[in-house]
Amino acid sequence: MCRMKLRSQIEIESKEEGEGVRMRKLSTILRKAKKAVQDFDLLEALQSEITHELSSNPFQDFESGALGNFVVEWDSSQSQDVVLRRKCKTGEEVAVSALLGPMSLESAVSGLSAPVPSGRETDDGTFPRDVLMKICVKKPGLRSVLQFDCEIYKKRSNGSGFNINNAYYLQSSAGPVISSSVYRGPIFSDLDPQLQDAFKDYLVSMGIGESLTNFLLLHIHKKEHAQYVNWLKELNSFVTDVE
């Protein structure tokens, strides 16, 4: 009798253990199924976005521009920036670095009018972001540098322009890191308008004309677009990778 009871108890425990294993397996299967559905939704969204980006070409009607006398010193597919350099006949060396700026207010607030900075027109939406451009001019025999912080924007007409936000005269004694207490110049917009125009004409004479700004505006946006598509493809590969 005791043996029968013991055997019956063992059978009950074995049955309960088996049911527990099955429930755990079922839970695992349901969890994997739910994840598969979520992955499929994400995969579908990613592939739709990739198809859209590859089929669209918002920059096709924009004038491409040209480097002129500048040469490309740095333009890695992994980085956001590009660096150009040229040496003028007068001996000055000009270095230009450029990368995309933040989303412009006109693009971020669709349908709402926003104040337009002096000297520029509103964009038609082709380029949602301006390009931040830093220009350094160095004269032969001098260690000091004239630095300009600028912004390239698309005109409503087919072309581009640029504004100067800051102009700095950096002396060699300032070192590689400039203290915030060092006087670097006045607020550029506070300068006399004729002096502002003279600075801009000076940069144009250094080769910073509309052809170059057209090139940078288009090149930087196309570079960012290619990086975005590549990012989408990498995510797509990650989601479809089965362990």
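Side chains included, hydrogens not; waters and symmetry mates left out as well; all remaining heavy atoms used. One-based numbering along the sequence shown.
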Hydrophobic cluster identity match, [X] and [Y], side-chain contacts under 4.5 Å:
{"X": "V137", "Y": "L195", "value": "yes"}
{"X": "L203", "Y": "V145", "value": "no"}
{"X": "L99", "Y": "F215", "value": "no"}
{"X": "W231", "Y": "L46", "value": "yes"}
{"X": "L54", "Y": "L235", "value": "yes"}

To the nearest 0.5 Å, tell me how far [X] [atom1] sits from [Y] [atom2].
{"X": "I152", "Y": "L218", "atom1": "CD1", "atom2": "CG", "result": "11.5 Å"}
{"X": "N230", "Y": "I50", "atom1": "CG", "atom2": "CD1", "result": "9.5 Å"}
{"X": "S56", "Y": "H52", "atom1": "OG", "atom2": "NE2", "result": "4.5 Å"}

Give me the atom names and distance for the closest heavy-atom approach of [X] to [Y].
{"X": "L212", "Y": "G207", "answer": "CD2-O, 3.6 Å"}
{"X": "C150", "Y": "I164", "answer": "SG-CG1, 4.0 Å"}
{"X": "I220", "Y": "Q80", "answer": "CD1-O, 4.3 Å"}
{"X": "R85", "Y": "A95", "answer": "NH1-CB, 3.8 Å"}
{"X": "V96", "Y": "I135", "answer": "CG2-CG1, 4.3 Å"}
{"X": "E53", "Y": "L232", "answer": "CG-CD1, 4.3 Å"}

For this output row, return yes or no: ring centroids of Y153 and F162 closer than 6.0 angstrom. no

Taking the six-membered ring for Trp, are the ring centroids of F127 and F62 within less than 6.0 Å of each other? yes

Please answer whether the main-chain N or O of [Y] pairs with a side-chain N or O of [X] as donor and acceptor at a distance below 3.5 Å.
{"X": "S211", "Y": "A66", "value": "yes"}
{"X": "H221", "Y": "D130", "value": "no"}
{"X": "R86", "Y": "M206", "value": "yes"}
{"X": "Q196", "Y": "L191", "value": "yes"}
{"X": "K200", "Y": "V204", "value": "no"}
{"X": "S55", "Y": "T51", "value": "yes"}
{"X": "S205", "Y": "Y202", "value": "yes"}

Any donor-acceptor N or O pair under 3.5 Å, side chains [X], [Y]:
{"X": "S144", "Y": "Y169", "value": "yes"}
{"X": "S160", "Y": "N214", "value": "yes"}
{"X": "S79", "Y": "W74", "value": "yes"}
{"X": "D149", "Y": "Q147", "value": "yes"}

Looking at side-chain heavy atoms only, is the closest gap between [X] and [Y] below 4.5 Å?
{"X": "K139", "Y": "L142", "result": "yes"}
{"X": "N236", "Y": "L43", "result": "yes"}
{"X": "V72", "Y": "V83", "result": "no"}
{"X": "L132", "Y": "L100", "result": "no"}

What do the steps show when you test K138 against E93 for salt bridge (Lys or Arg N to Asp or Glu O under 4.0 Å), and what is the final call? CA-CA 5 Å; K138 186 177 182 299; E93 292 183 19; 5.9 Å; no

Apply ring pair (Phe, Tyr, Trp, His ring centres under 6.0 Å) to F70 and list each qualifying residue two or more places apart in sequence or on a separate chain. none

Give the C-alpha distance, both sets of side-chain angles, the deciding distance and a yes or no for side chain to side chain contact (heavy atoms under 4.5 Å, CB included) between E49 and V229. CA-CA 9 Å; E49 182 69 5; V229 171; over 6 Å; no

Salt bridge (charged side-chain N to carboxylate O under 4.0 Å, His left out) partners of residues 210-230, not counting sequence neighbours, each pair once: D75-K223, K155-E210

Start with the C-alpha gap between N165 and E151, add the side-chain angles, then the distance that decides, and say whether side chain to side chain contact (heavy atoms under 4.5 Å, CB included) holds. CA-CA 7 Å; N165 296 328; E151 196 165 355; 3.5 Å; yes

Under 30°, 30 to 60°, or over 60°: which ring-plane class applies to F199 and F188, parallel, tilted or perpendicular? tilted

